[in-house]
K.L.:
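Just passing along the structure, written as structure tokens.
Along the sequence shown, residues carry numbers from 1.
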Amino acid sequence: MKFLPNSIFEFPKVLERTLEIISLGSYSWSCRYIFLLWTSLLVQCPFDLKRVFRDEAWDRFYFGFIEKIVRDKLLKEVGGKELQAASILLASIFKRPTETVEFQIFLDWALKNFENGIEDYKIGILTVLVQLGKAADDDILLLHHEKISQISVLVSKDCNSAIYTKLALKLNAKILQLDMKMRKSVQLNIFIAAHYNRDTIVRWTAAKCLRRIAESVSKVTTLQITKILFDKLEKEFSSAFEVSPHTLHGLFLAIGQLFNHSLIEYLDNRLFEFITKGLKFDQVKGSYAVGSFVRDAACYVTWALARFNSHLISKAHDHQIISGLTCMALFDREVAGRKAASAALQEFIGRIGSDRQSPFLPILTHVHFFSVAALEKSYRFNAIEIAKELPYLVPD
């Protein structure tokens with residue numbers, strides 16, 4: 001898109017071409033996608049669109065194209081990339097301070113059609129609001145806070161698919177940030193509960209939303225969020241029933257996100273015990289085993305901890321973490337797991353300081369990103385060499 005002309009003088013030509021491409025069914029989705037994105041780029045011009053278009057042209061552009069085609073047709077009848085481009089176009093218009101009336105009309109329409117609409121229609125409306133949450137200034141969203149909150153209430157009642165739930169989480173996270181600006185009380189239950197979801201995309205979205213919230217709140221609240229996550233992990237690991245790998249994965253992702261943005265200032269003493277258990281986690285389900293994604297998430301936590309919070313790591317835990325990562329990098333069934341462990345291992349050893357890393361440096365000559373790709377080499381060569389050179393890493 002950066003190579004396409006973005007002058008305001010190109011707007012009438014691009015609009016005519018976009019109308020032609022969308023109205024005719026002979027063009028591919030990729031062509032419609034590009035032209036919708038191009039239009040969304042042009043509407044971000046720093047001029048008042050009503051003055052650029054004049055009265056008749058503005059009516060044709062907004063009421064004829066934006067409402068009848070983009071809003072009423074594309075949001076309802078298509079999906080995928082075209083839906084994404086249509087939502088970006090609507091968000092590009094509504095984020096402009098001069099189009100507050102049009103944004104109000106859209107919200108009224110969304111409230112009217114949301115409750116009785118099909119799921120694809122709801123996903124289209126949610127996608128627009130999520131895009132607005134990314135692009136628009138909070139001052140614009142605060143003017144319409146009440147109606148956006150009403151839509152979020154309707155969203156919370158009905159979460160059928162993973163994509164729908166993902167968008168609902170993002171919208172609720174933005175509303176929660178607006179509530180904090182208005183000094184309202186906030187509830188984090190929906191984001192904590194989402195880490196138990198069976199869909200990976202939902203757990204990952206919940207982790208990122210929780211991180212964005214932690215960036216907006218006070219240090220005390222961030223500490224409370226961290227404590228909740230650690231308490232949930234402890235409860236899960238000590239459960240008398242079968243441990244849920246999805247829950248462990250979601251909680252590890254959330255903690256990793258907090259570490260990745262240096263939002264945790266004090267380490268919980270239970271952290272290294274949880275990481276060790278996570279690196280060894282495996283669960284047999286009939287004729288197969290699950291748990292590789294939990295081990296991968298534990299590596300992510302270790303990597304983020306070492307990369308952005310190495311000053312918090314005590315020397316007393318070096319052997320415990322390095323031993324666990326080395327075993328996983330050598331013996332994990334999955335090549336992705338071995339590579340994740342080797343990346344975390346190199347980051348951990350490289351960040352703990354020269355006075356502490358020298359006993360562990362020989363590991364890096366045998367366990368690196370390329371050598372662990374071959375399972376046979378890891379088992380028959382690297383493991384033997386490390387056992388010879390570093391016998392103190394081998395458990396008794």
K.L.:
How far apart are the closest heavy atoms of Leu312 and Ile264, and which atoms are they?
P.N.:
CD1-O, 3.6 Å
K.L.:
Does any non-hydrogen side-chain atom of Ile201 lie less than 4.5 Å from one of Thr165?
P.N.:
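Not in contact.
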K.L.:
Can you tell me how the ring of Phe272 sits relative to the ring of His317, calling it parallel under 30°, perpendicular over 60° and tilted otherwise?
P.N.:
parallel
K.L.:
Search all heavy atoms of Ala206 against all heavy atoms of His195 and return the closest pair with its distance.
P.N.:
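In this case the closest contact between Ala206 and His195 is C-NE2, 3.8 Å.
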K.L.:
Between Ile148 and Lys174, is there a side-chain heavy-atom distance shorter than 4.5 Å?
P.N.:
no
K.L.:
Show your reasoning for whether side chain to side chain contact (heavy atoms under 4.5 Å, CB included) applies to Arg295 and Asp282.
P.N.:
CA-CA 8 Å; Arg295 298 193 296 273; Asp282 207 19; 3.4 Å; yes
K.L.:
Looking at Ser371 and His366, would you say the former's side chain and the latter's main chain have a donor-acceptor pair under 3.5 Å?
P.N.:
yes
K.L.:
Has Arg96 got a side-chain atom pairing as donor or acceptor with Cys45's backbone, closer than 3.5 angstrom?
P.N.:
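A pair under 3.5 Å: yes.
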K.L.:
Kindly indicate, with the supporting measurements, whether the criterion side chain to side chain donor-acceptor pair (under 3.5 Å) is fulfilled by Glu334 and Ser292.
P.N.:
CA-CA 7 Å; Glu334 308 293 337; Ser292 61; 4.9 Å; no
K.L.:
Could you state the interatomic distance from CG (Asp199) to NE2 (His246), rounded to the nearest 0.5 Å?
P.N.:
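Rounded to the nearest 0.5 Å, the CG-NE2 separation comes to 8.5 Å.
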K.L.:
Can you tell me how far CD1 of Ile151 sits from CG of Leu171, rounded to the nearest 0.5 angstrom?
P.N.:
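With rounding to 0.5 Å, CG (Leu171) is 7.5 Å from CD1 (Ile151).
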K.L.:
Compute the centroid of each ring, for Phe348 and then for Phe360, and state whether the two points are separated by less than 6.0 Å.
P.N.:
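No, too far apart.
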K.L.:
Below 4.0 angstrom, N of the basic side chain to O of the carboxylate: do Asp139 and Lys181 qualify?
P.N.:
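No, Asp139 and Lys181 are not salt-bridged.
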K.L.:
Does the side chain of Thr39 come within less than 4.5 Å of Phe11's, by heavy atoms?
P.N.:
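Heavy-atom side-chain distance check passes, below 4.5 Å.
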K.L.:
Quick check against the 3.5 Å criterion: does Asn309 have a side-chain atom that pairs as donor or acceptor with the backbone of Phe259?
P.N.:
yes
K.L.:
Do side-chain atoms of Asn260 reach the backbone of Ala304 as a donor and acceptor pair under 3.5 angstrom?
P.N.:
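Checking the backbone N and O of Ala304 against the side chain of Asn260, no donor-acceptor pair under 3.5 Å is found.
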K.L.:
Check whether any side-chain heavy atom of Ile352 lies under 4.5 Å from a side-chain heavy atom of Lys315, and answer yes or no.
P.N.:
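Side chain of Ile352 against side chain of Lys315, heavy atoms only: no contact under 4.5 Å found.
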K.L.:
Quick one: sort the His249 and Phe293 rings into parallel, tilted or perpendicular, breaks at 30° and 60°.
P.N.:
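Taking Phe293 first and then His249, their aromatic rings stand perpendicular (interplane angle over 60°).
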K.L.:
Can you tell me if Arg203 uses its side chain to pair, donor with acceptor, with the backbone of Asn197 under 3.5 Å?
P.N.:
yes
K.L.:
Should the ring pair Trp38 and Phe35 be called parallel, tilted or perpendicular, given that the plane angle runs from 0 to 90° and is split at 30 and 60?
P.N.:
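Geometry flag for Phe35 against Trp38: tilted rings.
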K.L.:
Would you compute the distance between atom OG1 of Thr326 and atom CE of Met328 and round it to the nearest 0.5 angstrom?
P.N.:
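Output value for this atom pair is 11.5 Å.
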K.L.:
Please check: side-chain N/O of Arg211 versus main-chain N/O of Ala254, any donor-acceptor pairing under 3.5 Å?
P.N.:
no
K.L.:
Verify the neighbour count for atom OH of Tyr379: are there more than 12 heavy atoms of other residues, nucleotides or ligands below 6.0 Å?
P.N.:
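Enclosed: over 12 neighbouring heavy atoms sit under 6.0 Å from OH of Tyr379.
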K.L.:
Tell me the closest heavy-atom pair linking Leu36 and Ala86, and the distance in Å.
P.N.:
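Heavy atoms of Leu36 and Ala86 come nearest at CD1-N, 4.3 Å.
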K.L.:
Looking at side-chain heavy atoms only, is the closest gap between Phe63 and Lys68 below 4.5 Å?
P.N.:
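Not in contact.
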K.L.:
Between Asp108 and Lys112, is the closest basic N to carboxylate O distance under 4.0 Å?
P.N.:
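Salt bridge absent between Lys112 and Asp108.
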K.L.:
Crowded around Arg198 CZ? As in, over 12 foreign heavy atoms under 6.0 Å?
P.N.:
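Check fails, neighbour count at 12 or below.
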K.L.:
Hey, mind stepping through Arg338 and Leu375 against side chain to side chain contact (heavy atoms under 4.5 Å, CB included) and telling me if it holds?
P.N.:
CA-CA 9 Å; Arg338 296 197 299 275; Leu375 184 62; 3.3 Å; yes
K.L.:
State yes or no: do Val101 and Leu141 share one hydrophobic cluster built from I, L, V, M, F, W and Y residues joined by side-chain heavy-atom distances below 4.5 Å, directly or via other members?
P.N.:
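Unlinked, Val101 and Leu141 end up in two clusters.
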K.L.:
Ignoring hydrogens, what is the shortest heavy-atom contact between Asn113 and Trp109? Give both atom names and the distance.
P.N.:
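Result for this residue pair: ND2-O, 2.7 Å.
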K.L.:
Backbone N or O of Lys95 within a donor-acceptor pair of the Glu99 side chain at under 3.5 Å?
P.N.:
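Side chain of Glu99 to backbone of Lys95, a donor-acceptor pair under 3.5 Å: no, none is there.
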K.L.:
To the closest 0.5 Å, what do you measure between CG (Leu263) and CD1 (Ile255)?
P.N.:
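Result: 13.0 Å between the selected atoms.
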K.L.:
Please tell me if the side chains of Leu176 and Asn172 come closer than 4.5 Å, counting only heavy atoms from C-beta onward.
P.N.:
no
K.L.:
Please check if any side-chain donor atom of His368 sits under 3.5 Å from a side-chain acceptor atom of Gln346, or the reverse.
P.N.:
no
K.L.:
Are Tyr300 and Val367 joined in one hydrophobic group, where the rule is that I, L, V, M, F, W and Y side chains link up if heavy atoms are under 4.5 Å apart?
P.N.:
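No, it is not one cluster - the side chains of Tyr300 and Val367 are not joined through contacts under 4.5 Å.
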K.L.:
Quick one: CZ on Phe191 to OG1 on Thr205, what's the gap to the nearest 0.5 Å?
P.N.:
11.0 Å
K.L.:
Just wondering, do Leu229 and Ile192 contact through their side chains at under 4.5 Å, heavy atoms?
P.N.:
yes
K.L.:
Begin from the C-alpha positions of Ile384 and Lys388 and carry the test side chain to side chain contact (heavy atoms under 4.5 Å, CB included) through to its verdict.
P.N.:
CA-CA 6 Å; Ile384 294 173; Lys388 288 178 181 177; 3.7 Å; yes
K.L.:
Is the backbone N or O of Arg270 less than 3.5 Å from a side-chain atom of Asp268, with the two atoms forming a donor-acceptor pair by type?
P.N.:
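Side chain of Asp268 to backbone of Arg270, a donor-acceptor pair under 3.5 Å: yes, one is there.
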K.L.:
Answer yes if Leu143 and Ile105 sit in the same cluster of Ile, Leu, Val, Met, Phe, Trp and Tyr residues linked by side chain heavy atoms under 4.5 Å apart, and no otherwise.
P.N.:
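Different hydrophobic clusters.
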K.L.:
In Å and rounded to the nearest 0.5 Å, what is the OG1 to CD1 distance from Thr276 to Ile321?
P.N.:
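Here the rounded value is 4.5 Å.
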K.L.:
Please answer whether the main-chain N or O of Ala214 pairs with a side-chain N or O of Thr222 as donor and acceptor at a distance below 3.5 Å.
P.N.:
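Between the backbone of Ala214 and the side chain of Thr222 there is a qualifying donor-acceptor contact (under 3.5 Å).
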K.L.:
What donor-acceptor contacts under 3.5 angstrom involve side-chain atoms of residues 123-137, with partners at least two apart or in another chain?
P.N.:
{"residue": "Thr127", "atom": "OG1", "partner": "Ile123", "partner atom": "O", "Å": "2.5"}

K.L.:
Under a 4.0 Å threshold between the charged nitrogen and the carboxylate oxygen, would Lys377 count as salt-bridged to Glu385?
P.N.:
no
K.L.:
Provide the closest heavy-atom pair for Cys299 versus Leu325 in the form atom of the first, atom of the second, distance.
P.N.:
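Cys299 and Leu325 have their closest heavy atoms at SG-CD2, 4.2 Å.
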K.L.:
Could you tell me if the side chain of Phe65 sits less than 4.5 Å from the side chain of Ile22, heavy atoms only?
P.N.:
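When only atoms from C-beta onward are counted, Phe65 and Ile22 do touch, with a gap below 4.5 Å.
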K.L.:
May I ask whether Trp204 and Leu188 are part of the same hydrophobic cluster, defined by side-chain heavy atoms of I, L, V, M, F, W, Y residues being less than 4.5 angstrom apart, directly or through others?
P.N.:
no
K.L.:
Can you see which heavy atom on Ser92 is nearest to which on Val43, and at what distance?
P.N.:
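Heavy-atom minimum between the residues: CB-CG2, 3.5 Å.
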K.L.:
Below 30° counts as parallel, above 60° as perpendicular, anything between as tilted: where do the rings of Tyr33 and Trp29 land?
P.N.:
tilted
K.L.:
Classify the angle between the aromatic ring planes of Phe230 and Phe274 as parallel (below 30°), tilted (30 to 60°) or perpendicular (above 60°).
P.N.:
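Aromatic pair Phe230/Phe274 classed parallel.
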K.L.:
If Ile, Leu, Val, Met, Phe, Trp and Tyr residues are connected whenever their side-chain heavy atoms lie under 4.5 Å apart, and connections chain through other members, are Tyr266 and Ile275 in the same group?
P.N.:
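No, it is not one cluster - the side chains of Tyr266 and Ile275 are not joined through contacts under 4.5 Å.
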K.L.:
Passes salt bridge (charged side-chain N to carboxylate O under 4.0 Å, His left out), Glu273 versus Lys277? Steps please.
P.N.:
CA-CA 6 Å; Glu273 178 188 351; Lys277 289 181 178 180; 3.2 Å; yes
K.L.:
Kindly check if the number of other-residue, nucleotide or ligand heavy atoms within 6.0 Å of NZ (Lys81) is above 12?
P.N.:
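Not buried by this count: 12 neighbours or fewer within 6.0 Å.
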K.L.:
For the side chain of Ser342 and the backbone of Lys339, is there at least one donor-acceptor N/O pair under 3.5 Å apart?
P.N.:
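Checking the backbone N and O of Lys339 against the side chain of Ser342, a donor-acceptor pair under 3.5 Å is found.
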K.L.:
Would you find more than 12 non-hydrogen atoms of other residues, nucleotides or ligands less than 6.0 Å from Lys166 atom NZ?
P.N.:
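Atom NZ in Lys166 is not packed in, count stays at 12 or less.
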K.L.:
I'd like to know whether CG of Asn269 has more than 12 heavy-atom contacts from other residues, nucleotides or ligands below 6.0 angstrom.
P.N.:
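At most 12 heavy atoms, drawn from other residues, nucleotides or ligands, come within 6.0 Å of this atom.
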K.L.:
Hey, are Glu20 and Arg17 close enough for a salt bridge, meaning a charged N less than 4.0 Å from a carboxylate O?
P.N.:
yes
